[in-house]
*Asks:* 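Dropping the structure in here first, questions after.
Throughout, a chain's letter reflects where its sequence line sits, starting with A, and its residues are numbered from 1. Side-chain atoms are counted along with the backbone in the values below, which use heavy atoms only and exclude waters and symmetry mates.
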Amino acid sequence: MSSKYPFETIEPKWQRYWKDHKTFRAVEDPKVPVERRAYILDMFPYPSAQGLHVGHPEGYTATDIYSRYLRMNGYNVLHPMGFDSFGLPAENYAIKTGTHPKATTEDNIDRFRKQIQSLGFSYDWDRELSTCQADYYQWTQWIFLQLFRRGLAYEAEAPINWCPSCKTGLANEEVKDGKCDRCGSEVTRKRIRQWILKITAYADRLLSDLDGLEWPESIKQMQRNWIGRSEGANVRFKLDGRSEEIEIFTTRADTLFGATYMVLSPEHSLVERITTDAQKASVMAYVEAASKKSDLERTDLAKDKTGVFTGAYAINPVNGAKIPVWISDYVLISYGFGAIMAVPAHDERDWEFAKKFGLPIVEVVAPSHSPEAKAAVEARADGKPEGAPPVLDTPAECTHEDGVAVNSGAFNGLPTRDAMREVVAMLAGKGIGESTVNFKLRDWIFSRQRYWGEPIPLVHCPKCGIVPLEEKDLPLRLPDVKSYTPTGTGESPLAAIESWVNTTCPKCGGPAKRETNTMPQWAGSSWYFLRYLDPKNGQALASKDKVDYWMPVNLYVGGAEHAVLHLLYARFWHKVLFDMGLVNTNEPFQRLINQGMILGENGVKMSKSLGNVINPDDIVREYGADSMRVYEMFMGPLEVSKPWNTKGLVGMNRFLERVWRLAEKPLDGGTPPDSLVKLLHKTIRKVTNDTATLNFNTAISQMMIFINEITGEERLYRSLWEPFVLMLSPFAPHLGEELWEKLGHGSSIAYQPWPKWDEALCVDEEVTVVVQVNGKLREKLQVAKDMGEEELKALALSKPKVQEFIGGKDIAKVIVVPGKLVSVVTK
RNA sequence: GCUGGCGUGGUGAAAUCGGCAGACACGAUAGACUCAAAAUCUAUUGGGGGCAACUCCGUACCGGUUCAAUUCCGGUCGCCAGCACCA
C-alpha cells in the first residue's frame, strides 16, 4: 500500500533546512569567472494588505527554477527579494484607520515574506531590503542630492493631476481614464510648486541604448513611443505691428506656404499681451474655461474643436501673408513651444479647426502623379519654379502624404523630403528658423504632497535659497505625524509639523524651512537592484567591487505594466550613476521578460469585485507549493496571459503523487533496458534546453512522458531515477530534496551537478519516413536512420499503396529528405 | 486613430532553418476495483462518412509562393495590451 505524497510535512521541513543552512546565500567568490556569475532578479512587490496574488508567484517561480538550474550548472547566482514599501495604499489605509503606515507596512511585509517563503523560492534572504527603511532611503536621498548637484533636479510650478474630492495631487498611475482611481472623481489640473527631474536631458541616450537590450520588442517600442523623438524645425513668425514673435515647432517645414493661421495654447505666455481689446472678453473666458477642464474633457471627449480669435495677426515669413492668431486647447502647452503654425490642407486637426471656423485652406503638397505635381515639376525643370500654375481649388480632403510642393514659390516642384530640407536651409539663412529635434518625453514630476515617502533632503533658506543637506546628515528621517490627511492646499502633511519644518540652513546656520514634499513611489524602485549587491553598506549605496562583480542584471522578470514608468526611471537613474562612475554599465537590465497575466477561471482579469480571485495560501494548503509551482509553469509559455484552472492544478498534483509512489519502489542497481536509457538521454536533452530557454511548460511535459514510461516498469533503476530527481528539483524543490535524501544522499540537492546527456543515445536507430504523393501523405516507412536517398526512393516507389496513388501516371520528380520523407510528384 | 502582439480540438496548449497538425495535461465517455463513493488503473476522445480495410475535411477568413504552408508573402475580419489632438 503506497502512502500519499506528504507535502504538508516535506515542504516546511526543507524550507527550515534552507533557512538554517543559509543554502542560498550568495557570496562574491573571486574565483568564479565573470561568465559564470548570474544576477537573476524579480520585480519586487508592493506589500498590499490583500497579500500575495497567484500572479506574483508566476514570475518568481520562473526565476527560481532558472536560478536553481544555473546553480546546478556551476553558476554563482545572486537571487534576492525585497519590498517596495513607500506609497499611497499604506497611507490611505492609515488615513482611514488611524494606524501608522509604518505599522501596517511592516505587518504586510511579514505576511508577504511568509507567503513567499511558503513557496520555497531560493532567495538570499540576508539581502532583503525595504524601501521605507531609513538605512535604505538614506541612499535614495543621497542619489537625489547628486541629481540636484548635477542640475538634474529643479523646482518649478507645474500643473499636476489633482483630485478635488481627495484633496490631493495624484501620481499619473493613480489616474485611470481621467478619473481618480480611488474615488472616481474627475481629475483636474492644479498648478503647484514641484520638484522635477530632468529626464529629458537623457532622452537621446534612453532611446538609442534600447537597441542593445534583450527586451521584448513590444516594450522597447513602447519606450520609443513614449520618448517620442521627432525631427523637424523651429520657425519664428513675426507679429503684425508688434515686436514679439511666435516660435513654433514643425515636422513639416515644407508646408510653410500653406500655413494660413496660427494657434496658441490657452496657457501660452503671449496670449494676454497680443489679444486685442475687442477680443479680450472672449479670449479670457476661453482661457478660464480651458483651465477648469479636466484632462478627460480636453482629450477624449473633445473631438469637436473649440477656439477663439485673439485679434492679432502674424506674418508668414515665406510669403508675407497676414495670418490670424487663434487660441485653442487642441494645442498643448507642454509640447514644443505651445504654439503651432496651422496647415489645414495637410494636417487633420488643423483641417477640422479651419472647417469649423471658416479659415482659408491652401494646398501646398500635390500627390506625386497628379497633373498639378507634373506641372510644378516641369516648371522647375525649365528653371522657373515660381512660374508653376497656382492650385486654386480648395482641396476636397486633407492629406499628410508626401508629394510634390505646389503653391510654394521657389520650392514648387520639389518632392516633400527635398522641400523640407530646402525650406529649413532658407529659414536658417535668414536667421528665423533651424532644424531641431523634439521629444514627447517630459521631465519627471518628482514630488508628492504626501506623507508616506522619502523626504526630499533640501531646505529653503531666506538668505541662501535652496540648500541641499550635507551628505553626513542623511538620512533625513520621516517624522511621526498625528494626521496623515492631505491638507488640500497642495502642501504635504509634513508641513504641519513645525518642529520638523523649522530647521537651520546648512550653509549659513540661519533659520530655514525644510522641503515638505516627499518623493514618489518610483524613487525607491529606481535603484533597489543595486542595494541588493551590498545591502548593509553604511558608506555608499553599494561598493564598486560588488557592483563590478554582479552587474548588470542578467535576467529581470516582471509584469508589462511597468513598461514605461519604472523601467524608464530606473534606466535614467542608472545612466546618471554611470556618468558619475558609480556603476559599471550604461544599462541596468540586460535581459527582460514580462510574464503574462494569470486570469480568473472565467478568462477575465482576476479582481475582487468579480469574485474570481485565487488565493495562493489556499492552494499551498490543499495541494502544496510544489504543485502550485509546477502547475503555473505548465499552464503555457511564461510570456502569455492564461486563465487559471484549478482542475489543471489537480492534474499537476497527480503527477507529483505518481512520482512519489514510484519512489516507494525498491531501487535497482542494474542496467535498464536500452529504450529507457535512450528516453532518459532525450529527456535530459529536452529538459536542459527548455529550462535554459525558460520554456518550462515543454520541459515539464517531457518529464511527464518519462515518468509515464518508467511507471510501466517492474523495477525502479537508480541510473534512471537519480538524473530524473535532479531535473525535477528546480521545478519541485521540496520534493526534489526529499527524494534526494531518500536516495541516500546527505547534502542538499541544490548544488548537485545537473545531469548530462549523450547525444549518441538520443538518436533512434529506426525512423519513420513518410511518403507523400502529390502532397498528400500516403504511406509510412520504418527504416534505418541513415538509409540513403536512392534506397529510400526505391523503397517508397515499391510500395503498392504508393503505386496505387500514382495511378500509372508519369513521375515528374521525387524529393527525398533522408530520415524525414519522400515526396512523389506526378505529371 | 496610431503602435505592438495574438487567432490551432470541449479547455490550457505542443509542433515553425516549410516536411506525420493536436505532444503533454485538463475535461468527457466507457470499463476494472468497491456494497457504494472517492482515489487509482485501463481504453477511447479534432469533425464528417463507412460494418470495415479506409476515406474526405480541418490550424480565424480570402488569395499567393512551393512537390509540401499552422509555419513564408499580400489582403480581410476578430481579440488583447499600450498610447492617444505630441504639430
*Asks:* Please state whether the phosphate of B/C24, meaning OP1 or OP2, lies under 4.0 angstrom from any side-chain nitrogen or oxygen of A/Thr698.
*Replies:* no

*Asks:* With C1' as the reference atom in both, quote the distance from B/A14 to B/U8 in angstrom, rounded to an integer.
*Replies:* 10 Å

*Asks:* Which whole-number value in Å describes the distance from A/Lys440 NZ to B/A87 P?
*Replies:* 8 Å

*Asks:* Taking atom P in both B/A23 and B/G82, what distance in whole Å separates the two?
*Replies:* 35 Å

*Asks:* A/Trp644 and A/Tyr631: aromatic ring centres closer than 6.0 Å?
*Replies:* yes

*Asks:* Can you tell me the distance, in whole Å, between the CG atom of A/Leu638 and the P atom of B/A13?
*Replies:* 13 Å

*Asks:* Measure from the side chain of A/Pro637, starting at C-beta and using heavy atoms only, and say which of B/A13, B/C26, B/A25 lies closest.
*Replies:* B/A13

*Asks:* Quick one: the side chain of A/Lys305 and the base of B/C85, do they pair up donor-acceptor inside 3.5 Å?
*Replies:* yes

*Asks:* As a test of reading the structure: which of B/C85, B/G12, B/G19 is closest to the side chain of A/Tyr330, going by heavy atoms?
*Replies:* B/C85

*Asks:* Whole-Å distance between B/C67 P and A/Asp810 CG?
*Replies:* 18 Å

*Asks:* Tell me the partner of B/U11, counting only Watson-Crick (N1-N3 plus N6-O4 or O6-N4) or G-U wobble (N1-O2 and O6-N3) with both under 3.5 Å; none if nothing fits.
*Replies:* B/A25

*Asks:* What integer distance in Å separates A/Phe805:CZ from B/C67:C1'?
*Replies:* 17 Å

*Asks:* Within the structure, does a side-chain N or O atom of A/Arg658 lie under 4.0 Å from either OP1 or OP2 of B/A39?
*Replies:* no

*Asks:* Do we see a donor-acceptor contact under 3.5 Å between the side chains of A/Tyr330 and A/Thr306?
*Replies:* no

*Asks:* I'd like the P distance from B/A39 over to B/A28, given in whole Å.
*Replies:* 10 Å

*Asks:* Round to the nearest Å and state the distance from A/Glu779 atom CD to B/A53 atom C1'.
*Replies:* 14 Å

*Asks:* Considering every strand shown, what is the Watson-Crick or G-U wobble mate of B/G19 when both distances are under 3.5 Å?
*Replies:* B/C67

*Asks:* What distance, rounded to whole Å, do you find between the two P atoms, one in B/G58 and one in B/G22?
*Replies:* 16 Å

*Asks:* Looking only at atom C1', what distance separates B/C33 and B/G46, rounded to whole Å?
*Replies:* 32 Å

*Asks:* As a test of reading the structure: which of B/U40, B/A14, B/A23 is closest to the side chain of A/Arg661, going by heavy atoms?
*Replies:* B/U40

*Asks:* Can A/Gln702 and A/Thr683 be counted as having a side-chain donor-acceptor contact under 3.5 angstrom?
*Replies:* yes

*Asks:* Looking at A/Asn708, does any N or O in its side chain come under 4.0 Å of the phosphate oxygens OP1/OP2 on B/A25?
*Replies:* yes

*Asks:* Going by heavy atoms in the side chains, are A/Leu332 and A/Ser265 under 4.5 Å from each other?
*Replies:* no

*Asks:* With a 3.5 angstrom cut-off on both distances, give the Watson-Crick or G-U wobble partner of B/U40, or none if there isn't one.
*Replies:* B/A32

*Asks:* Is A/Lys813 close enough to B/C67 that one of its side-chain N or O atoms is under 4.0 Å from OP1 or OP2 there?
*Replies:* yes

*Asks:* Taking the side chain of A/Trp226 as its heavy atoms from C-beta onward, which of B/G27, B/C83, B/G12 lies nearest to it?
*Replies:* B/C83

*Asks:* Please pick, from B/C26, B/U3, B/G12, the nucleotide with the shortest atom-to-atom distance to any side-chain atom of A/Phe634.
*Replies:* B/G12

*Asks:* What I want to check is whether the side chains of A/Thr768 and A/Gln782 have a donor and an acceptor closer together than 3.5 Å.
*Replies:* yes

*Asks:* If you only use heavy atoms from C-beta on, which nucleotide in B/C85, B/C20, B/C24 is closest to the side chain of A/Leu777?
*Replies:* B/C20

*Asks:* Which one is paired to B/A52, where only Watson-Crick or G-U wobble pairs with both distances under 3.5 angstrom count?
*Replies:* none

*Asks:* Rounded to the Å, how far apart are A/Lys647 NZ and B/G10 C1'?
*Replies:* 13 Å

*Asks:* Does a donor on one side chain sit under 3.5 Å from an acceptor on the other, for A/Arg658 and A/Thr711?
*Replies:* no

*Asks:* Starting from the 5' end of RNA chain B, give me the residue, A/Asn697 or A/Gly648, whose nearest nucleotide shows up first.
*Replies:* A/Asn697

*Asks:* When you compare B/G27 with B/G12, how far apart are their C1' atoms, in angstrom units rounded to a whole number?
*Replies:* 11 Å

*Asks:* Is the distance from OP1 or OP2 of B/C2 to the nearest side-chain N or O of A/Asn225 less than 4.0 Å?
*Replies:* no

*Asks:* Nearest of B/A87, B/G4, B/G12 to any side-chain atom of A/Thr250?
*Replies:* B/A87

*Asks:* For B/G58, give the paired nucleotide (Watson-Crick: N1-N3 plus N6-O4 or O6-N4; G-U: N1-O2 and O6-N3; both under 3.5 Å), or none.
*Replies:* none

*Asks:* Take A/Ser230 and A/Tyr335 through the side-chain hydrogen bond (donor to acceptor under 3.5 Å, both in side chains) test and state the conclusion after the steps.
*Replies:* CA-CA 11 Å; A/Ser230 62; A/Tyr335 187 75; 3.1 Å; yes

*Asks:* Is it true that A/Phe7 and A/Trp660 have ring centroids separated by less than 6.0 Å?
*Replies:* no

*Asks:* Tell me whether the side-chain N or O atoms of A/Gln221 pair up with the base of B/G82 as donor and acceptor below 3.5 Å, since no angle test is needed here.
*Replies:* no

*Asks:* Taking only the P atom of each, what is the distance from B/A60 to B/C51 in whole angstrom?
*Replies:* 33 Å

*Asks:* Among the nucleotides B/A68, B/A87, B/A14, which one has an atom lying closest to any side-chain atom of A/Thr251?
*Replies:* B/A87

*Asks:* With both distances under 3.5 angstrom, what nucleotide forms a Watson-Crick or G-U wobble pair with B/G1?
*Replies:* B/C83

*Asks:* 5'-most contact on RNA chain B: A/Asn774 or A/Lys642, nearest heavy atom basis?
*Replies:* A/Lys642

*Asks:* Any idea which of B/A68, B/U55, B/A87 is nearest the A/Gln772 side chain?
*Replies:* B/A68

*Asks:* Of the candidate nucleotides B/C20, B/G4, B/G19, which contains the atom at the shortest distance from the side chain of A/Leu821?
*Replies:* B/G19

*Asks:* Please state the C1' separation for the pair B/A13 and B/C2 - nearest whole angstrom.
*Replies:* 32 Å

*Asks:* Specify the glycosidic conformation (syn or anti) of B/G9, with syn defined as within 90° of 0.
*Replies:* syn

*Asks:* Find the partner of B/C6: check Watson-Crick (N1-N3 plus N6-O4 or O6-N4) and G-U wobble (N1-O2, O6-N3) distances, both under 3.5 Å, and reply none if neither fits.
*Replies:* B/G78

*Asks:* Rounded to the nearest Å, what distance is computed from the NZ atom of residue A/Lys605 to the P atom of nucleotide B/A81?
*Replies:* 8 Å

